[in-house]
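For reference, the structure discussed in these notes is given below.
All ligand and atom numbering here is 1-based and tracks the order in the structure. Keep in mind that this is a model prediction, so the values were computed, not measured.
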Amino acid sequence: MGSLRSVVLAGGGTGGHIYPLLAFADALRRHFPDIRITTLGSPKGMENQLIPAAGYDLRSIPAFQLPRSLNLDLLRTPDRMYKSAHAAGEVIDEVEAEVVVGFGGYVSVPAYLAAWRRELPIVIHEVNVPPGVANRMGMKFTKRVAVGFPHQLEQAEALRNARLVGVPLRTGITHMDRPALRPQALYHFGLRPDLPVLFVSGGSSGARTINLAVAAAAKRLAHAGIQVLHVQGGRNDPFEVPKDLPVPYVVVPYLSDMQLGYAAADLMLCRGGAITVAETTALGMPAIYVPYPFSNQEQRRNALPVVESGGGMLVDNSELTPEWIETNIIPLARDRQRLAAMGGAAARYGRRDGDEQLLRFVLEAVS
Ligand SMILES: CC(=O)N[C@H]1[C@@H](OP(=O)(O)OP(=O)(O)OC[C@H]2O[C@@H](n3ccc(=O)[nH]c3=O)[C@H](O)[C@@H]2O)O[C@H](CO)[C@@H](O)[C@@H]1O
């Protein structure tokens, strides 16, 4: 394996772009303890909480809002684009970066531009179909594109020649011994060991439809003996859960230790964000996916191969009602055999070494 002294990692916005960046940073640190790792983020994204909390150097680049599609609007923002790229370039020069690795989000664009001007290697990691706007721009400057999932290679022309590496995931998740951590996780959340746990999470920002539907089904779930661990999500309004339920229904605003949630869970109800899908499958977690309906069907594409291989169920956002939950989730959560079969199928689809595979790809780029 080669070696690296200084890298710049760019990515921001929501958890889906930041957690893979952090997991990759951890892999770099494991292999090269003296490496200088500098991250570029935007002033308002979740990176401002998550990256410093993980102990990495975060530099803020002036906000640069891309249009939702690549069109002429881009040419109308040259000043801001120039300013952002200039700021990214200053950081790249200061730390003498050998490579820029981008994970998507608007802040990646100035990083790609600045690296390209300096003729530095650029590596892009993309997890969605269609690829995000920022990474699509980046692909004009580099052919070194890595993807998280096999379906991306088939479903996006722009990703046809990409390298399949998987998704860098936090080792707290990939190296977790779920049964061993379970008692501690249940105790942590105040959940009972004798009843199944439904773990509800709408991704890093939360999901209003999921939150309201599950809260409205709280009584039915509780009377069926199903406990709920419900992550409200970073950007969502609180919701009401009836008091005096016969079994625990625990609401938490956000989980920094997501592995505790996974360890407590028997079944997950979640959106189909790419990193969530990478995590549930890496863990062999049976899951019901409710794809976010407003972004190009990308979350449906993430979840569909898992569901087709038997690792979960898929339900449309508009169909997730308390009645649907009663009819479908209650029997499933009580059926240990079916859950085990689903979990096994999910695990066969999942990958755990995305961080190592991406590192290999990046080392090839700098050699
Ligand atoms: C609405 C939208 O556009 N969503 C996109 C966004 O989702 P989002 O940002 O929600 O990202 P994902 O669902 O892919 O990942 C969420 C991440 O947040 C973590 N987490 C979540 C809740 C919590 O309390 N604690 C915690 O740590 C999860 O463990 C996971 O690592 O980025 C993904 C990756 O580009 C895309 O595939 C999604 O389509």
Side-chain angles (χ1 to χ4, degrees), residues 11-24 26 45-47 49-51 53-54 68 102-108 124-136 146-149 151-152 155-156 159 166-174 176 189 199-211 229-236 250-265 268-283 285 287 289-304 306 317 350 354-355:
T14 62
H17 291 133
I18 302 158
Y19 285 115
L21 179 156
L22 286 174
F24 183 61
D26 289 346
M46 290 175 79
E47 56 270 32
Q49 289 84 51
L50 301 179
I51 292 184
R68 289 295 291 177
F103 292 83
Y106 296 142
V107 72
S108 310
I124 294 178
H125 188 262
E126 172 60 54
V127 289
N128 294 306
V129 173
V133 175
N135 277 352
R136 257 185 292 157
V147 295
F149 303 94
H151 72 267
Q152 292 178 268
Q155 295 176 356
L159 301 176
V167 178
L169 299 175
R170 291 169 276 179
T171 51
I173 291 174
T174 50
M176 177 169 59
F189 294 115
F199 180 30
V200 182
S201 164
S204 61
S205 315
R208 211 174 109 84
T209 311
I210 297 180
N211 287 351
L229 171 60
H230 193 151
V231 184
Q232 183 183 312
R235 294 181 185 159
N236 259 268
V250 178
V251 180
V252 290
Y254 189 82
L255 279 182
S256 327
D257 289 333
M258 194 66 178
Q259 66 268 28
L260 278 183
Y262 287 130
M268 181 141 186
L269 176 64
C270 53
R271 283 260 183 254
I275 315 308
T276 299
V277 172
E279 289 170 354
T280 51
T281 54
L283 284 168
M285 168 73 67
Y289 298 99
V290 192
Y292 180 65
F294 305 112
S295 61
N296 292 321
Q297 299 290 307
E298 63 179 39
Q299 295 200 351
R300 171 171 283 275
R301 291 193 186 98
N302 297 336
L304 201 56
V306 186
N317 196 61
D355 52 353

N/O contact list for ligand 1, threshold under 3.5 Å:
residue  : atom   : partner : partner atom : Å
ligand 1 : 4 (N)  : Gln299  : NE2          : 3.3
ligand 1 : 9 (O)  : Thr14   : OG1          : 2.7
ligand 1 : 9 (O)  : Gly16   : N            : 2.9
ligand 1 : 9 (O)  : Ser204  : OG           : 2.8
ligand 1 : 10 (O) : Ser204  : N            : 3.0
ligand 1 : 10 (O) : Ser204  : OG           : 3.4
ligand 1 : 11 (O) : Gly16   : N            : 3.3
ligand 1 : 13 (O) : Thr276  : OG1          : 2.7
ligand 1 : 14 (O) : Ala274  : N            : 3.2
ligand 1 : 14 (O) : Ile275  : N            : 2.7
ligand 1 : 24 (O) : Leu255  : N            : 2.8
ligand 1 : 25 (N) : Leu255  : O            : 2.7
ligand 1 : 27 (O) : Tyr19   : OH           : 3.2
ligand 1 : 27 (O) : Arg170  : NH2          : 3.3
ligand 1 : 27 (O) : Leu255  : O            : 3.4
ligand 1 : 29 (O) : Arg170  : NH2          : 2.9
ligand 1 : 29 (O) : Glu279  : OE1          : 2.6
ligand 1 : 29 (O) : Glu279  : OE2          : 3.4
ligand 1 : 31 (O) : Arg170  : NH2          : 3.3
ligand 1 : 31 (O) : Glu279  : OE1          : 3.4
ligand 1 : 31 (O) : Glu279  : OE2          : 2.7
ligand 1 : 35 (O) : Asn128  : ND2          : 3.0
ligand 1 : 37 (O) : Asn128  : OD1          : 2.7
ligand 1 : 37 (O) : Ala274  : N            : 2.9
ligand 1 : 39 (O) : Glu298  : OE2          : 2.5
ligand 1 : 39 (O) : Gln299  : NE2          : 2.9

Flag the pair His125 / Phe103 as yes when their ring centroid distance falls below 6.0 Å, and as no otherwise.
yes

Looking at residues at least two apart in the chain, or sitting in another chain, which of them share a side-chain contact (heavy atoms from CB on, under 4.5 Å) with Gln155?
Val129, His151, Arg301

Nearest heavy atoms of Pro291 and Arg271, plus distance in Å:
O-NH1, 3.5 Å

Mind listing the closest non-hydrogen atom pair of Pro168 and Gly166 along with its distance?
CD-O, 3.9 Å

Would you please test Tyr289 and Thr280 for side-chain hydrogen bond (donor to acceptor under 3.5 Å, both in side chains) and show each step?
CA-CA 10 Å; Tyr289 298 99; Thr280 51; 2.7 Å; yes

Could you walk me through whether Glu279 and Arg170 pass the salt bridge (charged side-chain N to carboxylate O under 4.0 Å, His left out) test, one step at a time?
CA-CA 9 Å; Glu279 289 170 354; Arg170 291 169 276 179; 3.4 Å; yes

